[in-house]
Amino acid sequence: MAAAGGTSSDDVPVIQAENLTSNVRSILYSRTFLSIISGVVAGIWGFTGLTGFVFYFLIMMVASLGLLAKSKFSVHTYFDSWSRILVEGVLAGLMSFVLFWTFAYDIVHIF
């Protein structure tokens, strides 16, 4: 991750748009990848109903913790707010998760 912010001579945080965009894009790519992988795993393990969704949100919480650790818990150095790490891309990844979850479940347990 590239540092999105810095400080000026007046100690006012400065956010560089290019670095912030790159960091947000990295979050979206990692969440999409984890959504696909966790969907396949949930399908292979045979999760159905609410259990699969709980599994997805647990994976996304672990991903958020991993991103926080990667940024050394200094969120405002790399992002403009905490919500970028905690919720950015979670609902967008849910569609990929459900697609691959049902696909893997059908292949393993139905066919």
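In this text the structure is predicted, and so the values were computed from the model without any measurement.
By the 4.5 Å heavy-atom criterion applied to side chains, Met60 and Ser35 are counted as neighbours. Phe100 places none of its side-chain heavy atoms less than 4.5 Å from the side chain of Ile37.
Just one of Phe103, Tyr105, Phe97 meets the ring-ring contact (aromatic ring centres under 6.0 Å, His included) condition when paired with Trp101; it is Phe97.
Expressed to the nearest 0.5 Å, how far CD1 of Ile85 lies from CG of Leu68 amounts to 4.5 Å. From Asp80, atom CG reaches atom CG of Asn23 across 10.0 Å, with rounding to the nearest 0.5 Å. Note that OG of Ser96 is 8.0 Å distant from OH of Tyr56, once rounded to the nearest 0.5 Å. To the nearest 0.5 Å, atom OG1 of residue Thr51 and atom CH2 of residue Trp45 are 13.0 Å apart. The distance from the OH atom of Tyr78 to the OG atom of Ser22 is 12.0 Å, given to the nearest 0.5 Å.
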Criterion side chain to side chain contact (heavy atoms under 4.5 Å, CB included) on Val90 and Leu94, from CA distance to verdict: CA-CA 6 Å; Val90 172; Leu94 185 61; over 6 Å; no
Stepwise side chain to side chain contact (heavy atoms under 4.5 Å, CB included) check, Phe57 with Met61: CA-CA 6 Å; Phe57 286 111; Met61 285 191 330; 5.6 Å; no
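Side chain of Arg31 to backbone of Glu88: a donor-acceptor contact under 3.5 angstrom is found. Here the side chain of Ser74 pairs no donor or acceptor atom with the backbone of Ser71 at under 3.5 angstrom. Using modelled atom types, one side-chain atom of Thr21 and one backbone atom of Ala17 make a donor-acceptor pair closer than 3.5 Å.
Val41 and Leu58 end up in different hydrophobic clusters when Ile, Leu, Val, Met, Phe, Trp and Tyr side chains are linked at under 4.5 Å. Note on Leu28: it clusters hydrophobically with Leu20, by side-chain heavy-atom contacts below 4.5 Å among ILVMFWY residues. One hydrophobic cluster, built from ILVMFWY side chains closer than 4.5 Å, cannot hold both Leu34 and Ile27; they sit in different ones. Under the 4.5 Å side-chain heavy-atom criterion for ILVMFWY residues, a single connected hydrophobic cluster contains both Phe73 and Trp82. Hydrophobic clustering (ILVMFWY, side-chain heavy atoms < 4.5 Å, transitive): Leu99 and Val108 are in one cluster.
Of all heavy-atom pairs between Phe55 and Ser38, the closest is CE2-O, 3.4 Å. Listed here is the closest heavy atom pair of Gly39 and Ala104: O-CB, 4.4 Å.
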